[in-house]
Structure formats: structure tokens, C-alpha cells
Peer 1: 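One structure, pasted below without further comment.
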Amino acid sequence: LKITQSGDTLIDTNDELKPILEGLLMPPPVFTCAIEYESIKDKPQVEQALEMIQKEDTSLVIRKDEETGQTLLQGLGELHLEIIKDRLSSEFNLNIRLSKMRVAYRESIQGEQTLTLHSNKIINGKPTYANVTLRIKPLTEEEIAAEDITDNESKNTINFSFIKDETVTTHYREFKRRILQQKLSKKKPTEFEEPEENQVTREVLDNPLSSLVIIKNPAKPVEIEKVDDEFGQDPVYSLQSAPFEIFQSIETAIQNGLKRGSLLGYPLMNVRVIVEGGKYVVSRSNPIVFEMLTAQIMQQLLTKCEPQLLEPVVDMEISAPPEYMKDILHDILTNKRGRLIDMLEEVSKFGGNTNMRNILKVVVPLVETIGYSTQVRSITKGEATFSMKFKQFEFVGTSKQAEILENPYNLSLIHISEPTRLLSISYAVFCLKKKNN
């Protein structure tokens, strides 16, 4: 049980069926803060304790900032991270401080652009050659739903429009599968995982290309022109017949470019990048040159496609007596940039008493909910409760984006004060009960 975590399926080793139940589906973390240690000596113990907590709470994300070296905690809200801090103190006798908190923003684009760049630099005295054409466009909600893009959080897609032959597509898919398999083979399988030799045997049976020792691009070279310079004369071919290593270098550069937007450096989402074509020379082209050129194209395209800033929004339900609903709604619509979805009546009876409350359903930007627990208690004299659930990322708006870009360093930097109810009530109660037990 040392390697198990929440959501894992435990079965008898003699069970032939080996059923696997669906794991827990957690929303993406939307709050980030850095850990500040009382003493640097506590760092290994804190990291070990966090690893143990993470096995129980799969919604908690722990990562290392490569630039600053800080350990970052990512969670569902202030209360979530405060509970983690409190557990470190009460269960492991480790005291930490949480730095300023950040809301996880995203970036996207509104326009469509196409760009072609050419490179023929001399590197270490040798000629190089690369030519790539990329087109970038925003993905609409209809396109995302139609293509069932649900396997990645960013909902980005990369297409090679010049690949028309299904054979080439199949071979390239097998090429990438083998690259991924090489990476996964370095990971030691656990006792619950199928032995590697069984996986390979099944893949050979299911995939006819698995028997091939080397996967090459089956497309026939199509000569477009010739390059003639002091290094000689060489034929120039269409990119569709290039080695798959060049395809993957282009794809890698695109993926890396989508990890950092042009506004504030947040990851991009809802973006389609199409490789329209290109050229290569057998004796002069290599994956590194194509990756560098593609990265340059991505950098230029992202600044030209009307970039926009996206913020996480949440579905919020507020329950309060009817006499306070007018003030609550006014605060949500005027001060919180929220919008009304519905208003319901709730009647509960206890003994001979009848309790009338209204439930307000609204959508609010997550950053506007910081400290809302204190504010709503002040408005309703402590009689309101609310719960929240992550909904999606939405455009912040033209005026708000301009305001943020004028002073980006103050964006979403919030001091953690008293815990606010940013998690659903059920999750918060569960964590508190777990702590008390």
C-alpha cells in the first residue's frame, strides 16, 4: 500500500478479470503559491510530507519552479491550501509560510495568421537549410466539441495539412509511439502494472508496424527546386517526404511555443496550429535547425494574432434569507464582474418553524472571490453560505485586459488572510473532519 493513492483500484492478485474502476476526476488547480521554509533544513521533510498528502488528495499539485528553485503548491482555493498548511503543522510538526497567491490565468488568440520563414545559416562552417509555413487560428467551442478534444487541458491541436496519405499518418503515429515508449521504458513498473514483455507482445499483435525495426517516412521525395551556392548544388524537396525526426522537431517547437503566451507568459489554450508545408535539403537539413526556425515562427505569429488573456471563472451558489438577496446580487453584478444564472427559493421546515431562503446561482471570475467569505458575512450578518465549482476559462474583457497589462506585476497577487470558502462545502467539511479524526 505504500505506492497507492486516492483513486487507485485494489484487487486480489489472483483475480483473472483484474477490473479497474474509474479514478477520481479532479478539476485543474487554479491557485498557486510558493512555500517558504522556517529553516532550509526542513525542506526534505516538508517535501516528503507533501508527497504523502498528495497521495490522499489528488487535487493537490506540487511542482518545482525551474527558474526560482521554489516549491510551488497548486490547489483549488485558499481554504484548500490553508488546510494543507495546517496538516503539515498538526500531523508532521512542520511549520511553513505560504507566499502571495496567484490565480492560474491562460492566454489565447482571436485572429488568424500565416507565416513562412526560411533559414540557410552557416553553422560550424557547414550550410543548413530549413523552410516552414505555419498557420495559427483560434479554436471555437463548436470545433472543440466536434473533434472531441478532451484529452488535454489546453485543448490545443497541431495538424500537418500537407499529409494526405493515410499511410504516412499511420507510420508517423507509430514513430511517435515508439519515442514515447522509449521514455516510459525508463520508468520501473509497479507490482500492479502489466509486465513490459506482455505489453510489447500485445502491441505487435495489434499493430502490424510494430514488427518493423525502423520506421521511415514512406512518402516519395518530390523535388521542387535546387539550391546552388559556394557549397555546391543540392536538390530541394517538399517537406512531406522529410524524415519523421524533422516532423517531430517541428511539433515539439510548436508545443513549446504554446506553453508561453506573448502577453504575460501564461500557457495558451484553444489554439489550432497547422503546418501548411515547407522545404528541406537532405544534406543540409536537420531536426535542430527546423526546431529553431519553427520556434521563431511561433514567437512572431503569437504576437500578431490578437492575443487575449483568459481567467478562470466559477459557478457559485449563494444561500441567504430573501431580505439580503438584493444587496448580494448588486455586489456580485457591480463589484465582482459576475453574471446571474438563476434564482431559486428554498423552504425548509424544522418542527413548527418554516425557514425561507433564496439560492442565487451566478458565474464569477475566480480572482474576484478572494476574501468573499468575509464580505458576504458582512452583508448578511453571518447568515449566508456559498459554494463554488470551477467552470471554465473566459476572456477577461478588453478594458480589464488593458488594465492588467498596464500593471501586470500586481495581477492576481493576493496575500492569504483568513480562509475563504473557495472549495465546495462538501470538500471543506470532508477535510476538516479528516483533520479532527
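Scope of the values below: all heavy atoms of this structure, side chains included, with no hydrogens, waters or symmetry mates.
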Peer 1: Hey, are N156 and R272 close enough side-chain-wise for a donor-acceptor pair under 3.5 Å?
Peer 2: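 On atom types as modelled, these side chains do not qualify, holding no pair under 3.5 Å.
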Peer 1: Inspect the contact between R337 and E311 and indicate whether a charged nitrogen and a carboxylate oxygen are less than 4.0 angstrom apart.
Peer 2: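 Salt bridge: yes.
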Peer 1: Do S89 and N95 have side-chain atoms, one donor and one acceptor, less than 3.5 Å apart?
Peer 2: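 Checked: S89/N95 side chains pair up, N/O donor to acceptor below 3.5 Å.
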Peer 1: Output yes when R87 and E56 qualify as a salt bridge under the 4.0 Å nitrogen-oxygen rule, no when they do not.
Peer 2: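 Yes, R87 and E56 are salt-bridged.
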Peer 1: Check step by step if salt bridge (Lys or Arg N to Asp or Glu O under 4.0 Å) holds for E107 and K259.
Peer 2: CA-CA 10 Å; E107 293 185 26; K259 291 179 181 179; over 6 Å; no
Peer 1: Angle class for the Y105/Y266 ring planes (parallel below 30°, perpendicular above 60°, tilted otherwise)?
Peer 2: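 Correct class here is tilted.
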Peer 1: Verify whether one side chain among Q308 and E306 offers a donor that lies under 3.5 Å from an acceptor in the other.
Peer 2: no
Peer 1: For Q392, does the CD atom have more than 12 heavy-atom neighbours from other residues, nucleotides or ligands under 6.0 Å away?
Peer 2: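 Atom CD in Q392 is crowded, with more than 12 foreign heavy atoms closer than 6.0 Å.
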Peer 1: With a 4.0 Å cut-off on N to O distance, would you call K43 and E38 a salt bridge?
Peer 2: no
Peer 1: Would you call the rings of F244 and Y172 parallel, tilted or perpendicular, taking 30° and 60° as the class edges?
Peer 2: tilted
Peer 1: Are N335 and H330 linked by a side-chain donor-acceptor pair shorter than 3.5 Å?
Peer 2: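 Judged by distance alone, the side chains do not pair up.
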Peer 1: Hey, are T71 and Y37 close enough side-chain-wise for a donor-acceptor pair under 3.5 Å?
Peer 2: yes
Peer 1: In plain terms, say whether E368 and K336 are close enough for a salt bridge, that is, a side-chain N and a carboxylate O under 4.0 Å apart.
Peer 2: no
Peer 1: Please tell me whether S161 and N159 have a donor and an acceptor in their side chains that are separated by less than 3.5 angstrom.
Peer 2: no
